[in-house]
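One structure is given here, and the rest of the page talks about it.
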Amino acid sequence: MKHIREQWKVLLAGAIGQLAREKGVELSPAAADIVVETPPKPELGDIGFPMFSFSKALRMGPPQIALALVERLAGATAPGTAKAVGPYLNVFVDRAALAKVLIEEARKPGYGSSASLSGTKIMMEFSSPNTNKPLHLGHLRNDVLGESVSRILRANGAELLKINLVNDRGVHICKSMLSYMVYGGGRTPADEGKKSDHFVGDYYVKFNELKKEDEKAEEKAQDLLVKWEAGDPAVLKLWKTMNEWAVGGIKKTYERTGISFDKYYYESQIYLTGKEEVQKGLASGAFFKAEDGSVRIDLSPLGLEEKVLLRKDGTSIYMTQDIGLAIHRHDDWPFDRLVYVVANEQQYHFKVLFHILERLGYGWAKNLYHLSYGLVNLPEGRMKTREGTVVDADALLDSLRDLALEEIQAKGREEAVGDAADIAEKIALGAVHYYLIQATPAKDMIFNPKDSLSFNGDTGPYIQYMGARISSMLRKHEKGEGNAQGGTVRPELLAGDAEWELVRRIAAYPEAVEQAGAEYNPAFVAAQLYDLAAAFSKFYHDNPILNCEDKDTAATRLALAAAVKAVLEHGLFLTCIPFLEAM
RNA sequence: GCGUUCGUAGCUCAGCUGGAUAGAGCGACGGACUUCGAAUCCGUAGGUCGGGGGUUCGACUCCCUCCGGACGCACCA
């Protein structure tokens, strides 16, 4: 569809130029100057070109321009027919021809993928959990965004490296350690039959109790950190044990949600890097030494104050680490772009970080991107650890899975579905991931538990359901049932409005994938999938497919359904929603 | 106070680089299963696109201003 639009743009640009010459007017628009649009109703055409903007120069009313252009384009070889519709020049494409191509293309494996980013190496950092507690709903948004954008970029031809920076050191880690030392009694997750990250998280929560009992708790945690940095063997041993529990449990959740990484970085291993880089910057004059001995950068070019990069005692801070880490990573794997999926509360941090790297003279610094996303809030407001309102990722998935299972049982579909528990789990995942991805990343969103439990309407399971229904039809056909047996696929039968509605949505899909990649926004894919699923649902409700009396029509519609299925499979994968053959 | 960002139907969200009567879902109300799986489909009600200016042939979309919310403005991560 895109290439057809481009062809028309070129034709129109030429025709407008010609018209201008005839009128003795100076005007020769480029193809890029032609505005394209999709008419609100199919009856009006498939592609629309508003003529308003040329009105003044040509001293003609837009409707007259449209008419004049149609006349001049009458002889041109172009895909489709131009028609003047008021102030618009609308194109009616050759539906049968396009349907023929799409039906074939869409059923091939790579439909929706492109090469628009081929040759581009992109590193994607996301998730970045703390090792003192299990993942919560906010992490799920981060994870699914990172994973989905990665898949989308890869579908657009990019070479991807997904990395996870585990925050496994710091005073917050020491708090859960201290709490365990006081209350743990040497118990292990296995002793309590608990998922290991939750086990660790519970001690982190218990630190609040400890603070009430021991007013020096904060101080003690700080001491623990000092000992950790000094390499105290006992402290390191406990730290290692608890981190393994935490990371092990977190990885189980990744496995459950289908998130994966090509490489893990651990903060404990790299938190000291960056100091050297700062020294280099000091030597090159990018930074300066303040009177108190700390190293700083002047951020007035950004309209900001100065920022400390090394404390006066020479120790590093968060920013120092990130400077070192970025450089280290580029050495590891020379990327063209590096995307950080991090919540929007760190916008300032990344703005400054990118600026600093640029000042240090790294050319790739201009290709760093902070994929900033908003908080997931509850209807009552922000999630708060202290108030216990944090929605735990595992618990959320569990409850959704249980509800889906009940639904399967209520419909008596356990037999038909195969492994009911597994299907229920996948429906739960589809529900959560779709919910998190349909909203624009930049915006804060409200997670309404009640709504999220619904599998109806604009949801992941709705799309999964349409995929399952089509799969079911195709299975029947393969078993020799239905009227499509022996029928011939005739694309001209897809020229009707109902079929065309589906064809044009299939045609629009690859563009959505490309746009999603260009804007790091999987919501475009999600929206496209929902529209396609809804269009199909309406279509097959009104039009018999396997039961259609005419063999050829049945076969053709089935081929269309198969094309829809292929797009759904492709798109669901990109949005981290499992495709289901049955549910 | 300064900066960033958001404000679209009762609720949750779309609205493509400004373009043809502002769209979905949920909720409400009313319909549709002896036919391909009703986790479905159809219909009705519901919006001065936060307010006010401006640019434009045309503004939900761009600019200014005000109001309201979120998040930042650490030698914490």
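Every heavy atom of this structure was used, including side-chain atoms; hydrogens, water molecules and symmetry mates were not. Residue numbers begin at 1 in each chain, while the letters A, B, ... track the order of the sequences.
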In whole angstrom, give me the gap between the [atom1] atoms of [N] and [M].
{"N": "A77(B)", "M": "A14(B)", "atom1": "P", "answer": "34 Å"}
{"N": "C62(B)", "M": "G19(B)", "atom1": "C1'", "answer": "14 Å"}
{"N": "C67(B)", "M": "C60(B)", "atom1": "P", "answer": "24 Å"}
{"N": "C42(B)", "M": "A38(B)", "atom1": "C1'", "answer": "13 Å"}
{"N": "C29(B)", "M": "G69(B)", "atom1": "P", "answer": "35 Å"}
{"N": "A59(B)", "M": "A22(B)", "atom1": "P", "answer": "13 Å"}
{"N": "U5(B)", "M": "A9(B)", "atom1": "P", "answer": "22 Å"}
{"N": "G37(B)", "M": "A24(B)", "atom1": "C1'", "answer": "25 Å"}

Looking only at side-chain atoms of [X], point me to the closest of [options].
{"X": "Thr440(A)", "options": "A14(B), A39(B), A20(B)", "answer": "A14(B)"}
{"X": "Ile408(A)", "options": "U35(B), G25(B), A39(B)", "answer": "A39(B)"}
{"X": "Tyr318(A)", "options": "G19(B), C75(B), A77(B)", "answer": "A77(B)"}
{"X": "Asp542(A)", "options": "G15(B), G37(B), C41(B)", "answer": "C41(B)"}
{"X": "Lys538(A)", "options": "C42(B), U40(B), C57(B)", "answer": "C42(B)"}
{"X": "Glu37(A)", "options": "G25(B), C16(B), C36(B)", "answer": "C16(B)"}
{"X": "Lys41(A)", "options": "U21(B), A70(B), A20(B)", "answer": "U21(B)"}
{"X": "Arg382(A)", "options": "U12(B), C71(B), C57(B)", "answer": "C71(B)"}
{"X": "Ala468(A)", "options": "G37(B), G25(B), C13(B)", "answer": "G37(B)"}

Is there a Watson-Crick or G-U wobble partner for [N] with both distances under 3.5 Å, and which nucleotide is it?
{"N": "G47(B)", "value": "none"}
{"N": "C13(B)", "value": "G23(B)"}
{"N": "G58(B)", "value": "none"}
{"N": "U4(B)", "value": "A70(B)"}
{"N": "G37(B)", "value": "none"}

With a cut-off of less than 4.0 Å, is there a side-chain N or O of [X] near OP1 or OP2 of [N]?
{"X": "Lys443(A)", "N": "A14(B)", "result": "yes"}
{"X": "Lys307(A)", "N": "C73(B)", "result": "no"}
{"X": "Tyr373(A)", "N": "A70(B)", "result": "no"}

Report task. Examine the base of C26(B) for any acceptor or donor lying under 3.5 Å from a partner atom in the side chain of Asn456(A), and report the outcome as yes or no. Result -> no
Query raised in the report: Does the A14(B) base have a donor-acceptor partner in the side chain of Asp531(A) within less than 3.5 Å?
Result: no
Query - Residue Glu305(A) excluded, over 12 heavy atoms near CD under 6.0 Å - result: no
Report task. Under 4.0 Å from any atom of RNA chain B, heavy atoms only: list the residues of residues 411-420 of chain A that qualify, in numerical order. Result -> Lys411(A), Arg413(A)
Taking the six-membered ring for Trp, are [X] and [Y] parallel (under 30°), tilted (30 to 60°) or perpendicular (over 60°)?
{"X": "Phe52(A)", "Y": "Tyr88(A)", "result": "perpendicular"}
{"X": "Tyr271(A)", "Y": "Trp228(A)", "result": "tilted"}
{"X": "Phe539(A)", "Y": "Phe536(A)", "result": "tilted"}

Query - Partner residues of His136(A) under the side-chain contact (heavy atoms from CB on, under 4.5 Å) criterion, sequence neighbours left out - result: His139(A), Met383(A), Val390(A)
Query raised in the report: Which whole-number value in Å describes the distance from Lys9(A) NZ to U17(B) C1'?
Result: 9 Å
Report task. Not counting sequence neighbours, list each pair that qualifies as a side-chain hydrogen bond (donor to acceptor under 3.5 Å, both in side chains) and has a residue in residues 519-533 of chain A. Result ->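 Passing the test, one end in residues 519-533 of chain A: Arg337(A)-Tyr520(A), Gln515(A)-Glu519(A).
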